[in-house]
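Being a predicted model, the structure only gives us computed values, none of them experimental.
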Amino acid sequence: MTDPKAAPEANHPRSALIGELCAEFAGTMVLILFGCGVVAQVVAGGALTKPPGGLGAHDSIAWAWGLGVTLGVYVAARLSGAHINPAVTVSLAAFKGFPWNKVLPYVGAQTLGAFVGALLVRWNYTEALGHADPGHTFKTQFVFSTLPGNGVLPVSEWGALRDQIIGTAILVLLIFAVTDLLNSAPKANLGPLIIGLIVVAIGMAWGADAGYAINPARDFGPRLASFLTGYESAWRDQYGDIYFWVPIVGPLVGGLIGAALYQVLITRYLPVATPEVGRTPTPE
């Protein structure tokens with residue numbers, strides 16, 4: 001049933017899709033503003049303080065990324081469901097009936113939001129990044145995009161791919177769990193907070209091998225922004241190998257695996273929804 005007070009254009013399918021895409025753009029941009037912003041503060045700002053690292057460390061990065069997810073979801077949830085991650089969008093299309101014809105528009109909006117968010121971070125931290133790393137090398141490239149072993153540990157491309165598959169499988173499995181109304185979904189609109197805490201936990205437990213991108217838009221959008229603003233090595237890792245594909249392919253594969261695991265291990269055993277006592281069942 002439509003709201004008779006709503007503007008006629010608000011009910012038009014094209015207008016609805018535009019609103020959804022705007023929400024995905026804004027939600028992903030918020031995610032990147034906090035995520036890349038905190039890494040810029042730690043990597044660039046910390047390098048300029050004494051002792052080094054005086055403006056944060058790994059835990060502040062994990063917490064800010066998680067809070068960025070929470071706030072991004074709150075921004076977008078009402079209009080688009082707040083996927084803010086192509087791996088989530090593809091998994092929902094494969095297992096939850098999300099329309100396939102919306103997948104590419106959603107992914108485009110998410111990637112554009114991440115790109116714009118990263119440009120804002122890059123602009124705001126221009127002086128600090130330039131002072132900490134005048135050559136715009138891997139030393140500060142890590143602010144925007146991920147590297148195997150965070151550019152330090154001896155992790156290969158394939159090790160990073162494995163890490164991204166596992167990390168995103170965990171993410172999507174848990175997102176499916178906490179958003180499943182037939183399971184024990186969080187009440188009182190706490191879902192976004194719990195999802196943010198999931199990202200914090202993944203960052204603290206699975207962040208060493210590949211920087212826990214677990215989101216193709218989160219990595220590709222900022223990677224493109226950094227390339228266009230002086231980071232010529234943006235597409236490669238510290239070994240000189242083409243790397244940008246790893247945080248795209250790994251999360252897409254991992255998301256499908258996590259969604260499939262939830263469907264096979266949990267969904268098939270959940271009780272069928274029944275109406276509450278005293279309520280009239282919703283008409284089909």
So do the side chains of [X] and [Y] get within less than 4.5 Å of each other, counting heavy atoms only?
{"X": "T168", "Y": "V172", "answer": "yes"}
{"X": "T146", "Y": "R223", "answer": "yes"}
{"X": "F98", "Y": "H83", "answer": "yes"}
{"X": "L161", "Y": "Y243", "answer": "no"}
{"X": "T137", "Y": "S233", "answer": "no"}
{"X": "I32", "Y": "W65", "answer": "yes"}
{"X": "V121", "Y": "N124", "answer": "no"}

Checking [X] side chain against [Y] main chain: does a donor-acceptor pair fall under 3.5 Å?
{"X": "Q164", "Y": "P247", "value": "no"}
{"X": "D209", "Y": "V155", "value": "no"}
{"X": "Q263", "Y": "R268", "value": "no"}
{"X": "H58", "Y": "G203", "value": "yes"}
{"X": "T229", "Y": "S226", "value": "yes"}
{"X": "K96", "Y": "A94", "value": "no"}

Which distance, rounded to the nearest 0.5 Å, do you find between the [atom1] of [X] and the [atom2] of [Y]?
{"X": "F138", "Y": "N150", "atom1": "CZ", "atom2": "CG", "answer": "13.5 Å"}
{"X": "I202", "Y": "I214", "atom1": "CD1", "atom2": "CD1", "answer": "4.0 Å"}
{"X": "F34", "Y": "Q41", "atom1": "CZ", "atom2": "CD", "answer": "11.5 Å"}
{"X": "I175", "Y": "L92", "atom1": "CD1", "atom2": "CG", "answer": "8.5 Å"}
{"X": "L21", "Y": "L79", "atom1": "CG", "atom2": "CG", "answer": "10.5 Å"}

*Only one of V75, I84, L112, V116 passes side chain to side chain contact (heavy atoms under 4.5 Å, CB included) with M29; say which it is.*
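When V75, I84, L112, V116 are each tested with M29, the side chain to side chain contact (heavy atoms under 4.5 Å, CB included) holds only for V116.
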
*Considering the options L190, I195, N189, which one meets the side chain to side chain contact (heavy atoms under 4.5 Å, CB included) requirement together with P192?*
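Option passing the side chain to side chain contact (heavy atoms under 4.5 Å, CB included) with P192: N189.
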
*Sole candidate of Y231, F144, F227, F142 that passes ring pair (Phe, Tyr, Trp, His ring centres under 6.0 Å) when paired with H136*: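 Exactly one pass, corresponding to Y231.
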
Side chains of [X] and [Y] only: does a donor on one sit below 3.5 Å from an acceptor on the other?
{"X": "Y106", "Y": "E20", "value": "yes"}
{"X": "T28", "Y": "Q110", "value": "no"}
{"X": "S145", "Y": "Q141", "value": "yes"}
{"X": "Y239", "Y": "S156", "value": "no"}

*Which is it for L31 and N215 under the side chain to side chain contact (heavy atoms under 4.5 Å, CB included) test, yes or no, and what are the steps along the way?*
CA-CA 11 Å; L31 162 63; N215 180 336; 3.9 Å; yes

Check [X] against [Y] and note the closest heavy-atom contact, atom names and distance.
{"X": "V103", "Y": "A93", "value": "CG2-CB, 3.7 Å"}
{"X": "A210", "Y": "D163", "value": "CB-OD2, 3.4 Å"}
{"X": "D237", "Y": "P148", "value": "CB-CD, 3.6 Å"}

_side chain to side chain contact (heavy atoms under 4.5 Å, CB included) assessment of Y212 paired with M204_ = CA-CA 9 Å; Y212 70 105; M204 290 182 171; over 6 Å; no

*Do other residues, nucleotides or ligands put more than 12 heavy atoms under 6.0 Å from Y125 OH?*
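Correct, the count exceeds 12.
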
*Not counting sequence neighbours, list each pair that qualifies as a ring-ring contact (aromatic ring centres under 6.0 Å, His included) and has a residue in residues 173-210.*
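Of all non-adjacent pairs touching residues 173-210, none passes ring-ring contact (aromatic ring centres under 6.0 Å, His included).
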
*asked:* Tell me every residue that passes ring-ring contact (aromatic ring centres under 6.0 Å, His included) with W245, counting only those two or more places apart in sequence or in another chain.
replied: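 So W245 forms a ring-ring contact (aromatic ring centres under 6.0 Å, His included) with W158.
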
*For N183, which residues count as a side-chain contact (heavy atoms from CB on, under 4.5 Å) partner, sequence neighbours excluded?*
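side-chain contact (heavy atoms from CB on, under 4.5 Å) list for N183, sorted by chain: D180, Y262, I266, L270.
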
*Assess the pair W235 and F220: is the distance between their ring centroids shorter than 6.0 Å?*
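Here the rings of F220 and W235 have centres that are less than 6.0 Å from each other.
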
